[in-house]
Amino acid sequence: MYALIDCNSFYASCEKLFRPDLKHKPVVVLSNNDGCVVARSKEAKALGIKMAVPYYQVKDFCAQNEVAVFSSNYALYADMSQRVMSTLESLCPTVEVYSIDEAFLYLADYPVAMQDLDAYANKVKHIVERYTGISVGVGIGQTKTLAKLANYATKQYPATKGICVLTNPRWIRRLMQITDVGEVWGVGKRYKHRLNKMGVDTVYQLAICEPGKIRQHFGVVLERTCLELNGQPCLDIESIEPKKQIISSRSFSTRITSQKDLTEAVCAHASQAAHKLRQQHSLCSVITVFAKNSAFNKSEKYTPISGQYQFATPTADTRELVKAARVVLEKIFKHNIRYAKAGVMLSGICQHDEVQLDLFSTEVNPEVDDKKQALMAVMDELNSKYQADRYQQSVLFIASEGIRETQQWQMSRALLSPCYTTRISDVIVVR
DNA sequence: TCTGGGGTCCTAGGACCC
DNA sequence: TCTGGGGTCCTAGGACCC
């Protein structure tokens, strides 16, 4: 038995937490650069504001309907997420944090839960809400896919009061019959389209398909989904593994054409990615640099550029990664492009205790390595000790990143809320 | 004018091995 | 004139997730 706990309109709920004046008001949260709508409170959904719609298309509508609009405040959401997750960990021994606002609980060998699933679901929901102020839906099923389906039902049907325990076969069947196949976890736009063409429109129709046939047409992944819908577990609770790929990228607030500006952006991303790499005690052997103009603008040709650099020996040294990024960008840069986005990707990742040394390298010298590591450790320590400036620039950085304060193209977050829980000067004062 | 960012897994095909 | 069978590793592309 699995439970899926999913926070309701998570980002929007976080913004409401410290703004009681917004309690029953529509709230939306925008993506980076205030580009798209990425979260809507239930009042905003009721107004018909769609997910992922570009903000400029609904800006006037929001103003007319007194919708409170916020830029993404990632520091706030990450902190609230941690509170929700640690509350869940106090309620179940086996928790898989699946995303910033979702977690699976494994219940089968937890007698407290198994004894009375409804009572347990109720308890989880109310304790999380009491401890964090975030409302959640609790779905329980025989497999992860069924738990997901149950959770979907809690959002879709108010009568569930946020709790759905799928144990009665007749109910499971009924729910599947009235649910679109596109709502199943693992069925995206493409698969939905292809399934529809085969006459499969509801979840139930997918569930009664022959798994072998599904495998033939769609591969082993959807076959597993099909089996899971029938109560046969194919997916386990997963533990947290180091990332196999690390990306740092961002759109610019204005278009960039100069190589100097693009170099600064790319260097900053290389530096950011290097930091993430060290946090998981890894090294990488490949860095990919990429940049592109807007894919939406029909008056200019979509022109993505990218290139790679392979290291002889894996590294997590910011200086080496930034240097490599510069070398790559130098090679791939094209003039007369209005760049809208750039970034880097690190791959060929290994843990630092399992490094494959370069047979021909002349500089395999443990002392040099130790020095590099020590330097990076000091850099990370200083940067965590002293808060970044209001442009998010750390106290210690590589000169080629440039000074953020002077960079016109830095992401815009015009509607940012305070960091209520993570910045001392933003903490609410009660007088 | 204005459209996010960060991940995973699977498959097919090519290069290569014995 | 005739040229096998079985395997691994890597990469790019396609699908999915939040």
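Here the structure is a predicted model, which means the values were calculated and not measured. For the numbers below, each heavy atom of this structure counts, side chains included, while hydrogens, waters and symmetry mates do not.
Among the heavy atoms of the strands lying under 4.0 Å from Val184(A) are primed sugar atoms or P, OP1, OP2 only; no base atom is included. Among the heavy atoms of the strands lying under 4.0 Å from Arg255(A) are primed sugar atoms or P, OP1, OP2 only; no base atom is included. Counting any heavy atom pair closer than 4.0 Å across all strands shown, Lys192(A) reaches no nucleic acid atom. Ser72(A) comes within 4.0 angstrom of no nucleic acid atom, judged by non-hydrogen atoms across all strands. Nucleic acid contact for Tyr191(A): sugar-phosphate only, since backbone atoms but no base atoms lie under 4.0 Å from a heavy atom of the residue. Within the 4.0 angstrom heavy-atom criterion, only backbone atoms of the sugar-phosphate kind lie near Lys244(A); the bases stay farther away. Using a 4.0 Å heavy-atom distance criterion, Asn33(A) is classed as making no nucleic acid contact. Residue contacts shown for Asp34(A) are absent, as no nucleic acid heavy atom lies under 4.0 Å away. Among the heavy atoms of the strands lying under 4.0 Å from Tyr98(A) are primed sugar atoms or P, OP1, OP2 only; no base atom is included. Among the protein residues, Ile246(A) comes within range of the sugar-phosphate backbone only, with heavy atoms under 4.0 Å from sugar or phosphate atoms but none that close to a base. At a threshold of 4.0 angstrom between heavy atoms, the contacts of Val53(A) with the nucleic acid are absent.
Nearest to the side chain of Lys276(A), among dG7(B), dC2(B), dG5(B), sits dG7(B). Residue Ile247(A) has its side chain nearest to dG7(B) when only dG7(B), dC2(B), dG4(B) are considered. For Val220(A), the listed nucleotide lying nearest its side chain is dT11(B); candidates were dT8(B), dC18(C), dT11(B).
When both distances must be under 3.5 Å, the Watson-Crick or G-U wobble mate of dT11(B) is dA12(C).
The residues Arg278(A) and Asp380(A) are annotated as salt-bridged, a charged nitrogen and a carboxylate oxygen being separated by less than 4.0 angstrom. Remark: Glu264(A) engages Lys260(A) in a salt bridge, criterion side-chain N to carboxylate O under 4.0 Å.
Whole-Å rounding puts the Phe290(A) CZ to dG4(B) C1' distance at 12 Å. The distance from atom CD of Gln245(A) to atom P of dC17(C) is 18 Å, rounded to the nearest whole Å. Separating the CD atom of Glu96(A) from the C1' atom of dT8(B) is a distance of 12 Å, rounded to the nearest angstrom. Atom pair Phe218(A):CZ and dG14(C):C1' shows a separation of 14 Å (rounding to whole Å applied). The interatomic distance linking Lys148(A) (NZ) with dC16(C) (P) rounds to 15 Å, in whole Å. For the pair Leu222(A) CG and dC9(B) P, the computed distance is 17 Å after rounding to whole Å. If you measure from atom CD1 of Ile100(A) to atom C1' of dG5(B), you get 12 Å, rounded to the nearest angstrom. What separates CG of Asn32(A) from P of dG6(B) is a distance of 8 Å, to the nearest Å.
At distances below 3.5 Å, not a single donor-acceptor pair connects side-chain atoms of Ser248(A) with backbone N or O atoms of Ala273(A). Under a 3.5 Å cut-off, the side chain of Asn383(A) and the backbone N or O of Leu396(A) do form a donor-acceptor pair. A donor-acceptor distance shorter than 3.5 angstrom exists from the side chain of Ser81(A) to the backbone of Ile100(A), with no hydrogens or angles considered.
With both ends at atom C1', the span from dC17(C) to dG4(B) equals 15 Å, rounded to whole Å.
Nucleotides of DNA chain B nearest to Gly219(A) and Phe296(A) differ in position, and the one nearer the 5' end is that of Phe296(A). Checking Arg224(A) against Arg338(A), the closest nucleotide of DNA chain B that is more toward the 5' end is the one next to Arg338(A).
Distances shorter than 4.0 Å separate some side-chain N or O of Ser251(A) from OP1 or OP2 on dG5(B). Phosphate contact (OP1/OP2 of dT3(B), side-chain N/O of Lys50(A), threshold under 4.0 Å): absent.
Between Tyr2(A) and Tyr106(A), the ring-plane angle classifies as tilted under the 30° and 60° cut-offs.
Leu416(A) approaches Ser72(A) most closely through the heavy-atom pair CD1-O, 3.4 Å.
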